[in-house]
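The structure appears below as structure tokens.
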Amino acid sequence: MTNLDMLLLKGASSDLTEENLAELRYTILTKGIPANSEGMSELRIYIWLILLNAPPLRTDVYLDLVRQGASPAHAKIQNDTFRTFQGDPLFRRRVTQNSITRVLNAVAWRLNDAHEARVNGWQSPPTLSEFGGSPDTSIMSRHSFSTVPGTTTNPSTTNDAEQIGYVQGMNVLCGPFLYAAKGEVEAFTGFETLITRECPGYVRGSMEGVHKGLALVDRVLEVVDPKLYSHLMAHRMEAKIYAFASVLTMCACTPPLPEVLQLWDFLFAYGPHLNILCIVAQLVLIRGEIINSPSPNQILRNLPGLQARRIIDVAVSFSGQIPEDMYAEIVSHAK
């Protein structure tokens, strides 16, 4: 039995819950989640749901949402569904377009119901108003990467769920959940928790969280690699030109999918906000190609395949270089 198996068996009712979570995060950082070459793991979806603090959802609740049929966002969803990991044979073999459509419509109905509740002064649906956020990750310190289990913090209490709705790109955020999950209910639960608690700013109509994230990519790059930053600015290559999809989808837009899953293990363990550092890490890993290229635009518009372990290692190395005020902005930019 692996260390992760033992941690899961301890259960959420243990007197050492916070210590267990810290140990779980540290295990993910140092050893990863066991998976085969296609990224499949018996443990991953359950670990994700624990890290996201996603409460269990009864199957009949999800089925009731599915029975409502096409949501007000159905036309947008149809336009996005067929493009979800379109060129990835692993995803296509495991996840059907019908599954993506059902989950996205179900989430859209939940968001629509929450909006109507807010407008009319009703109580919002419990799953949108009672999420506690990912334990620790919303306010996690940079020191967490080098801290052994035992440190505790308080969960986030921010609630912006009522202000969001379906936007293009949510399908790509949903896809990895469907790939990793054993069923649609698990995928729905994890995906809804992510967008309503961890990155609501990415999926509001204005996408202000994405734009804040893009600005932070430039600022972080300037701190950790001034030469590369100056080179890109000389070519007028701000992050808004090349990194919009990487910010919005937490790098899920860059294959291969098994590497995306491994990167998300880290992001869910220590906070999805760290995707900003991971994007900068990708740039630093190919800095030679970028600096030596007369047209870095071509490289940045088609980033090389993800190498999750290398990206994580480089991203973690940045944490101590970021000024405290900037780090605080990184933590809160997607809320």
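Along the sequence shown, the residues carry numbers beginning at 1. When reading the values below, keep in mind they use all heavy atoms of this one structure, side chains included, and skip hydrogens, waters and symmetry mates.
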So, the side chain of [X] versus the backbone of [Y]: is there a donor-acceptor pair under 3.5 Å, distance only?
X      : Y      : answer
Glu259 : Ala308 : yes
His333 : Ile330 : yes
Trp264 : Met250 : yes
Asp80  : Asn171 : no
Asn275 : Ser246 : yes
Ser319 : Val316 : yes
Arg44  : Gly39  : yes

query = Taking only residues at least two apart or on different chains, which pairs with a member in residues 285-308 satisfy salt bridge (Lys or Arg N to Asp or Glu O under 4.0 Å)?
reply =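 Pairs touching residues 285-308 that pass the test: Asp225-Arg287.
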Open item on the list: Per the salt bridge (Lys or Arg N to Asp or Glu O under 4.0 Å) rule, what does the pair list look like for residues 85-104, sequence neighbours excluded?
Closed with: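 Matches after skipping sequence neighbours: Glu38-Arg93, Arg102-Glu184.
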- Query: Parallel under 30°, tilted from 30 to 60°, perpendicular over 60°: which one fits the rings of Phe91 and Tyr179?
  - Reply: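 Judged by the thresholds at 30° and 60°, the geometry between Phe91 and Tyr179 is parallel.
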Review point. Between His273 and Tyr327, what is the ring plane arrangement, given parallel below 30°, perpendicular above 60°, and tilted in between?
Key: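 The arrangement is perpendicular - the two ring planes meet at more than 60°.
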Note to self: Please say yes or no: joined through hydrophobic side-chain contacts below 4.5 Å, possibly via intermediate residues, are Val224 and Met233 part of one cluster?
What the structure shows: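 Per the 4.5 Å side-chain linkage, Val224 and Met233 are co-clustered.
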Taking atom [atom1] of [X] as the centre, does the number of heavy atoms from other residues, nucleotides or ligands within less than 6.0 Å exceed 12?
X      : atom1 : answer
Gln68  : CD    : yes
Glu42  : CD    : no
Lys182 : NZ    : yes

Next item on the list: Could you pull out all residues at least two apart from Arg219 that satisfy side chain to side chain donor-acceptor pair (under 3.5 Å)?
Entry: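 Once residues adjacent in sequence are excluded, the partners of Arg219 under the side chain to side chain donor-acceptor pair (under 3.5 Å) criterion are Glu329.
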